[in-house]
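Below is one structure, written out as structure tokens; comments come after it.
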Amino acid sequence: MAVMEGRDTMYKLIISQLRADGYEDAAQIVADRTTGGKLSAPTARLAHVAELGTQSEARQHALDEERQSETSGSKSTNGGTNGTTAHGDLVFGANPMKLDLDAGEAVLSPASPLTPTHIYTSNHRATVYATCFSADGKLAASADTAALVRIYNVDKVVKSRDVSGGDSSGVARTIADHLEPINDMAFHPNNENFVSASDDASIRIYDFQKPSIRGPLRTIQDSHKVNSIAMHPSGQYILAGTDHPIIRLHNATTSHCFAVQNPLEHHTAPVTQVRYNSTGRYFASACKAGKIKIWDGLSCRCIQTINKAHDGTAVTSVQFSKNDNYLLSGGRDSVVRLWDLRTHRVLVSYVGAATTKSPRAQCCFSHDERRVFCADEDSRGLVSWDAGTGDFFSIKKDLKIGEWFSHSPAHSILLAGSHGLDKQARVYLLEDPSAMAGTSNADTGAEVAAETAPPPVAPGSTAAKDSDAVPPKTAVKEEPGAKPAETDASPDAVIATIAASDDDDAVAACKNFLLATDGIESSDAAPAAADADTERDAKRVKVEPQ
């Protein structure tokens, strides 16, 4: 609700500014599309807000340069928590900054290992191939290669604590509509609709809140397998990556398709994943050719390209940090990397998880961004690291986690897919052993729905570890003078943030100012034939996108 109210205010400011500048016709067009035709009084408040934002950005840039000069002499140390390495405005070392802080930083203690507790099982028809959570963490979904989708009420799942697969009380809706395996899913920001993408070359939008509506509200037909989708934070657009190198942008209401006009900016191989940042101002894409591209969400212009992001292997996963300054990526080189989008450098390389055989291997932040997770293809377990220091925690083996898993954005909960003949989706509660002392499972389960973050471990304390933990491995950190990754272009600025601290111990909250528009040009270029190098080719009639 707060997001929508903020957007309503933003649209009113845009309309008021247009009228103040004498663009009455343009103001009426924007009003018709956003506020139901209601015009706001002409004011220049938007120009004033933009000026304040520019000044704040300039001050932050000066602070960044000052911090970089202060830390330029610090020496990077591979491994341990005593070494520090300076990259931009962050110093990763004994007391790393939390990733959702950029100004008014608060120093956090190092993260501790977490113990996964299996709390729920959901039976499927086939291998569970995709999972996702809603933006508020209240809903989750899993899909299998037989095109069956189950949508869950997370609170009921946690209270159920049924690992046998016989309790369906946590299942809010079951959908079986696609003809081929489902590759990706997304919830509307307000949980109004649910979107799925499949090998049957279609994107389908469902009103899952109304069981009486059996089929999809709308079906967007493509000519290629749809590998990944992302819902714009406004809920108005659906970003799609397919086996064709051109990224599609669909209007969620009209199904109209837009594409990038400049052919030189396109990927050169099938797109493996697309993801928006928190505001929709930017989005990231990855492809099988090993490139990561950062795009302007308003103009659909490519503003940065990272070539050979994972040593030339396919990039399989991308995710923005909450403050949008960092990008987490995973590839088939068995290395997870954290990129600073302002300096175009790798801040931390997380090693220890095998992903060389996994064409869909995922990596993600924890809900508080203090940890990074990735599935290990050899043990079918979960690998975790300290997000700031890159310290390797352990491999929790034999969890039966497939290539694809999702972490809740609100709670310490993991929804994992399966592998091979395994036909179950599993929910894990990730608990801090130091906080579990003297706490029963029943007490823990009752408090999960209201959980905000695991308590930090004080510096110098020793966190309990599972018996299956392996000796820590050392993350590879980039040297301060290391050569940046090859880039085609760089943005003037990735984002301007204004941070305010609630108290001494709380995390500073960043509020981004977003300018949104519908003015994305469409392309008349027809998609070419699908790339032959796909994991699961299937015969079907090809239909050109509308």
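When reading the values below, keep in mind they use all heavy atoms of this one structure, side chains included, and skip hydrogens, waters and symmetry mates.
Side-chain contact annotation: Ser321 with Asn323, donor-acceptor N/O pair under 3.5 Å present. For the residue pair Arg337/His310, the side-chain donor-acceptor check at 3.5 Å is satisfied. Between the side chains of Gln424 and Ser418, no donor-acceptor pair of N or O atoms lies under 3.5 Å. A donor-acceptor pair shorter than 3.5 Å cannot be found between the side chains of Tyr428 and Thr117. For the residue pair His118 / Thr121, a side-chain donor-acceptor distance below 3.5 Å is found, with atom types taken as modelled.
Residue Leu415 holds its CG atom at 4.5 Å from OG1 of Thr131, rounded to the nearest 0.5 Å. A distance of 12.5 Å separates CD1 of Ile306 from CZ of Arg345, quoted to the nearest 0.5 Å. To the nearest 0.5 Å, atom OG of residue Ser198 and atom CD1 of residue Ile203 are 10.5 Å apart. Atom OG of residue Ser142 and atom CZ of residue Phe405 lie 15.5 Å apart, to the nearest 0.5 angstrom. From Ser285, atom OG reaches atom NZ of Lys291 across 10.5 Å, with rounding to the nearest 0.5 Å. Rounding to the nearest 0.5 angstrom, the gap separating the CG atom in Asn227 from the OG1 atom in Thr316 is 12.0 Å.
Distance alone, capped at 3.5 Å, places no donor-acceptor pair between the Ser358 side chain and the Arg360 backbone. Under the 3.5 Å distance criterion, the side-chain polar atoms of Arg380 are left unmatched by any main-chain donor or acceptor of Asp398. With hydrogens and angles disregarded, a donor-acceptor distance shorter than 3.5 Å links the side chain of Ser164 to the backbone of Gly166. Listed for the Ser366 side chain is a donor-acceptor partner under 3.5 Å among the backbone atoms of Arg371. Of the possible polar contacts, one joining the Asn123 side chain to the Gly165 backbone as a donor-acceptor pair under 3.5 Å is found. Remark: the backbone N or O of Val315 is paired with a side-chain donor or acceptor of Thr272 at under 3.5 angstrom. Here the side chain of Thr389 pairs a donor or acceptor atom with the backbone of Asp391 at under 3.5 angstrom. Judged by distance alone, the side chain of Trp385 and the main-chain N or O of Val351 form a donor-acceptor pair under 3.5 Å. A distance-only check finds no donor-acceptor pair linking the side chain of Asp340 to the backbone of Tyr326 [under 3.5 Å]. Counting only distance, with no hydrogens or angles, the side chain of Thr174 and the backbone of Arg150 share no donor-acceptor pair below 3.5 Å.
Thr356 has its side chain out of reach of Asp333: every pair of non-hydrogen atoms, C-beta onward, lies at least 4.5 Å apart. Here the side chains of Phe320 and Ser278 are not in contact, with every heavy-atom distance at 4.5 Å or above. You'll find the side chain of Val372 stays beyond 4.5 Å of the side chain of Leu338, heavy atoms only. For the pair Tyr152 and Val427, the minimum side-chain heavy-atom distance is 4.5 Å or more. Side-chain contact between Ile151 and Phe187 is present, with heavy atoms from C-beta onward closer than 4.5 Å. Using a 4.5 Å heavy-atom threshold, the side chains of Trp404 and Val128 count as separate. Using a 4.5 Å cut-off on side-chain heavy atoms (C-beta onward), Asp386 and Phe393 make contact. For the pair Leu341 and Gln304, the minimum side-chain heavy-atom distance is below 4.5 Å.
Across His367 and Ala410, no two heavy atoms sit closer than the pair CD2-O, 3.6 Å. Taking every heavy atom of both residues into account, Pro409 and Ser134 meet most closely at CG-O, 3.3 Å. Pairing each heavy atom of Ala284 with each of Ile294, the nearest pair is CB-CD1, 3.8 Å. The heavy-atom pair separating Ala141 from Met185 by the smallest distance is O-CE, 3.6 Å. Closest of all the heavy-atom pairs between Gly388 and Val348 is O-CG2, 3.8 Å. Taking each heavy atom of Thr313 and Gly331 in turn, the nearest pair found is OG1-C, 4.4 Å.
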**Message:** Applying side-chain contact (heavy atoms from CB on, under 4.5 Å) to Gln273 and Gln362, what does each step give before you reach the verdict?
**Reply:** CA-CA 10 Å; Gln273 194 160 79; Gln362 297 299 294; 3.0 Å; yes
**Val158 vs Ile413, side-chain contact (heavy atoms from CB on, under 4.5 Å): CA-CA, chis, key distance, verdict** = CA-CA 9 Å; Val158 173; Ile413 297 176; 3.7 Å; yes
**Request:** Using the salt bridge (charged side-chain N to carboxylate O under 4.0 Å, His left out) rule, take Asp324 and Arg281 through it: C-alpha gap first, then chi angles, then the decisive distance, then the call.
**Result:** CA-CA 10 Å; Asp324 304 326; Arg281 183 65 177 81; over 6 Å; no
**Prompt:** What do the steps show when you test Trp339 against Leu328 for side-chain contact (heavy atoms from CB on, under 4.5 Å), and what is the final call?
**Reply:** CA-CA 6 Å; Trp339 302 85; Leu328 188 70; over 6 Å; no
**Request:** For side-chain contact (heavy atoms from CB on, under 4.5 Å), just list the numbers for Val195 and His188, CA-CA rounded to whole Å, side-chain angles, deciding distance to a tenth of an Å, and then say yes or no.
**Result:** CA-CA 8 Å; Val195 186; His188 187 280; over 6 Å; no
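The ring of His407 has its center closer than 6.0 angstrom to the ring center of Phe373.
In this structure, Arg275 fails the cation-pi test against Phe283, since its NZ or CZ atom is not both closer than 6.0 Å to the six-membered ring centre and inside 45 degrees of the ring normal.
For the pair Lys156 and Asp162, the salt-bridge criterion is not met [side-chain N within less than 4.0 Å of a carboxylate O].
Remark: Asp144 engages no residue in a salt bridge (Lys or Arg N to Asp or Glu O under 4.0 Å) (not counting sequence neighbours). Listed by chain and number, the residues in a salt bridge (Lys or Arg N to Asp or Glu O under 4.0 Å) with Asp376 amount to none (sequence neighbours excluded).
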